[in-house]
Amino acid sequence: MGDAASNKELEYIAYNGHHVPKYYAMINLFRQKSKSLEKLFRHYRKSNDSVSILKGCVGGFSRLDEEMYLNIFFEKQVIKQTEWKKKWKDSMIINNKQNTAEYLGTENLLNTKTNWTQKEIDSLINKLDIIILDDHESSKRLVEMVAELNFYTETKRPYFQKLIYFNEKYSSEIIKKYIEFCSK
């Protein structure tokens, strides 16, 4: 879809398509570093559109705003994998091992590629976190994602106090644990 459709066409599908094409259009807009990602996230938050997602052998329904947030957050891992792959390839070349079975076999397994930098992703995540935490109607699942993923990566966000409202609203152990982590 991403290679065949223009940015404008992808945006049209992301806003107006059926749920599944919306999901794929959003993924492609993200890969292309579209300037409209925050606007699209706000749009998905207002809609209740959900898609059936299969990740590995586990499937289920997820809202488009949740899937968008997760895809953006986990791009951090892709960036780290891409950096590791570059270092690994460089070391193989320096040691004249680029034509070995080890290199050729592993090269195909390490199919990581990103257009994003860590700084860009962190900035986008901060913006999405603020969008989520500034809206007192944010779903428990989305707020818990913010808390859990930042806790998992041991990231203390300066705006963590905004989670206090949601902890009182949802009485969530995940949110409570992240607030305690940030308070230390």
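Taking every heavy atom of both residues into account, Ala147 and Leu163 meet most closely at CB-CD1, 4.4 Å. Contact record, Leu29 with Leu40: CD1-CD2, 4.0 Å, taken as the closest heavy-atom pair.
Proximity of Thr82 to Lys113: side-chain heavy atoms (C-beta onward) are nowhere separated by under 4.5 Å. Side-chain contact between Phe41 and Asp65: present, with at least one pair of heavy atoms (C-beta onward) separated by less than 4.5 Å. With contacts defined as side-chain heavy-atom distances shorter than 4.5 Å, the pair Tyr24/Leu10 does not qualify.
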TODO: Could you check Phe166 against Ser172 for side-chain contact (heavy atoms from CB on, under 4.5 Å), going step by step and ending with a plain yes or no?
DONE: CA-CA 8 Å; Phe166 292 103; Ser172 165; over 6 Å; no
Open item on the list: Working note: Lys22 + Asp49, criterion salt bridge (charged side-chain N to carboxylate O under 4.0 Å, His left out); need CA distance, chi angles, decisive distance, verdict.
Closed with: CA-CA 9 Å; Lys22 280 183 177 183; Asp49 292 346; 2.4 Å; yes
Open item on the list: Does Glu66 form a side-chain contact (heavy atoms from CB on, under 4.5 Å) with Ser50? I'd like the steps, not just the answer.
Closed with: CA-CA 9 Å; Glu66 295 166 357; Ser50 61; over 6 Å; no
- [ ] Begin from the C-alpha positions of Met68 and Ile27 and carry the test side-chain contact (heavy atoms from CB on, under 4.5 Å) through to its verdict.
- [x] CA-CA 8 Å; Met68 185 173 183; Ile27 295 293; over 6 Å; no
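At distances below 3.5 Å, at least one donor-acceptor pair connects side-chain atoms of Trp116 with backbone N or O atoms of Phe30. Checking side-chain atoms of Tyr44 against main-chain N and O of Ala14 turns up a donor-acceptor pair under 3.5 Å. Formation of a donor-acceptor pair under 3.5 Å by the Ser36 side chain with backbone atoms of Lys39 is not found in this model. Remark: the backbone N or O of Ile72 is not paired with any side-chain donor or acceptor of Glu75 at under 3.5 angstrom. Within the 3.5 Å criterion, the main-chain N or O of Val146 finds a donor-acceptor partner in the side chain of Asn150.
Surrounding NZ of Lys80 are at most 12 heavy atoms belonging to other residues, nucleotides or ligands under 6.0 Å away. Residue-environment remark: CD (Glu148) stays at or below the threshold of 12 foreign heavy atoms within 6.0 Å.
Atom CZ in Phe151 sits 10.5 Å away from atom NZ in Lys156 (nearest 0.5 Å). Here the CG atom belonging to Asn28 is positioned 12.0 Å from the CD atom belonging to Glu9, to the nearest 0.5 angstrom. Going from atom OH of Tyr159 over to atom CD1 of Ile130 covers 5.5 Å, rounded to the nearest 0.5 Å. We find the CG-OH distance between Leu149 and Tyr69 to be 6.0 Å, quoted to the nearest 0.5 Å. A distance of 12.5 Å separates OG of Ser138 from CD of Glu144, quoted to the nearest 0.5 Å. A distance of 10.5 Å separates CZ of Arg42 from NZ of Lys127, quoted to the nearest 0.5 Å.
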Name the atoms and distances for all side-chain donor-acceptor pairs under 3.5 Å in residues 174-184, with sequence neighbours left out.
{"unit_1": "Tyr178", "atom_1": "OH", "unit_2": "Thr155", "atom_2": "O", "d": "2.6"}
{"unit_1": "Tyr178", "atom_1": "OH", "unit_2": "Arg157", "atom_2": "N", "d": "3.1"}
{"unit_1": "Ser183", "atom_1": "OG", "unit_2": "Ile179", "atom_2": "O", "d": "2.7"}

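Asp135 pairs in a salt bridge (charged side-chain N to carboxylate O under 4.0 Å, His left out) with only one of the listed residues (Arg45, Lys162, Lys46, Lys169), which is Arg45. Applying side-chain hydrogen bond (donor to acceptor under 3.5 Å, both in side chains) to Lys76 and the options Asp122, Thr114, Thr153 leaves one that passes, Asp122. Under the side chain to side chain contact (heavy atoms under 4.5 Å, CB included) test applied with Leu142, the options Ile132, Leu133, Ile131, Leu128 reduce to a single match, Ile132.
Leu64 and Tyr12 fall into different hydrophobic clusters, where Ile, Leu, Val, Met, Phe, Trp and Tyr side chains are chained together by heavy-atom contacts under 4.5 Å. Neither Val78 nor Ile125 shares a network with the other; the hydrophobic side chains, linked directly or stepwise wherever heavy atoms of I, L, V, M, F, W or Y lie under 4.5 Å apart, form separate groups for each.
Judged by distance alone, the side chains of Glu120 and Ser123 never bring a donor and an acceptor atom under 3.5 Å apart. Side-chain contact of Asn48 with Arg63: a donor-acceptor pair under 3.5 Å is present, judged by distance alone.
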